[in-house]
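Positions are given from 1 along the sequence.
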Amino acid sequence: MTINQAYDLIDQLLDKSDQPYFTENEKDDFIRQAIHEFINNHYSKYDVDQVSRDALAMFTEYIEIDSLDANWLNYGVDMPDEYVHIIHLRINYASISQNPSNFTSAKIIGAKDFWDLENSKDPYNRPDKLNPICYIRQPGPSNPVRAYFRPITSTGAIQALVLRSRSHDECFDDSNAGDGLKEVYQREVIEIAVRKMTGNIESDNYKVALNEQQQSKTK
């Protein structure tokens with residue numbers, strides 16, 4: 001489905017609910033919002049639902065860093081532009097060899113737990129090379145999102161799987177086979193966008209749309 005076909009489908013769905021006309025720029029804004037909600041909804045079920053893993057396939061990005069510098073690792077490893085969520089991060093403390101057996105998965109935790117564990121005097125709770133920890137933060141509005149991990153290493157490598165946002169043009173692109181979201185997921189994005197558009201207006205559908213929004217937050 002192309003973006004123009006998406007506009008047409010939105011118009012059809014809005015016409016059936018007796019809604020006013022939206023410009024293409026306005027539709028783009030709602031589609032972008034819908035894409036972010038689509039990502040968040042499926043991310044919450046990523047580890048337990050193959051459908052969600054399939055839905056997010058085009059949003060996943062693999063990161064590999066095999067030349068680490070201890071002087072800057074304290075400041076974190078930069079995530080890609082349009083980063084949304086981290087799925088998995090693992091660290092190779094042995095060497096820069098890409099042998100999977102040399103990598104150890106890091107436990108992704110919050111900032112408080114991260115700093116508490118790093119400064120813990122308890123040798124059984126402090127992170128080590130068999131039990132590394134990681135947390136994600138954006139240190140400032142002009143800085144990229146970064147992954148911080150302990151213990152650090154200057155001889156190994158990092159591999160991470162993350163989710164990054166895609167533009168509405170990328171999601172609705174069928175110029176080549178395999179481009180864009182699969183149509184079943186495009187339609188899901190459009191349904192979210194239309195719900196947001198109907199909820200944006202005081203109408204008979206407003207309460208229904210608002211209830212759907214609240215329900216989606218609790219799932």
- Task: Indicate if V48 and I87 have the same hydrophobic cluster label, given that clusters are the connected sets of ILVMFWY residues with side-chain heavy-atom separations under 4.5 angstrom.
- Result: no

- How far apart are the closest heavy atoms of A193 and A34, and which atoms are they? N-CB, 3.5 Å

- Task: Please confirm whether the backbone N or O of Y46 pairs with a side-chain atom of R53, one donor and one acceptor, at under 3.5 Å?
- Result: yes

- Aromatic ring proximity H42/F38, centre distance under 6.0 Å: yes

- Message: For V194, is there any backbone N or O sitting under 3.5 Å from a side-chain donor or acceptor partner on T198?
- Response: yes

- Task: Indicate, with yes or no, if F103 and L130 share a hydrophobic cluster defined by side-chain heavy-atom contacts under 4.5 Å among Ile, Leu, Val, Met, Phe, Trp and Tyr.
- Result: no

- Can we say E183 and R187 salt-bridge, meaning some charged N sits less than 4.0 Å from an Asp/Glu carboxylate O? yes

- Item | Any side-chain heavy-atom pair of I158 and I63 under 4.5 Å | no

- Message: Around atom CG of N119, are there more than 12 heavy atoms from other residues, nucleotides or ligands closer than 6.0 Å?
- Response: yes

- Message: Once you measure the plane-to-plane angle for F114 and Y135, does it fall in the parallel (<30°), tilted (30-60°) or perpendicular (>60°) bin?
- Response: tilted

- Item | Stepwise side chain to side chain donor-acceptor pair (under 3.5 Å) check, D54 with Q50 | CA-CA 6 Å; D54 292 340; Q50 183 59 48; 2.8 Å; yes

- Query: Does a side-chain heavy-atom distance below 4.5 Å link I3 with K27?
  - Reply: no

- Note on the structure: dist F22:CZ -> F30:CZ (nearest 0.5 Å) comes out at 5.0 Å

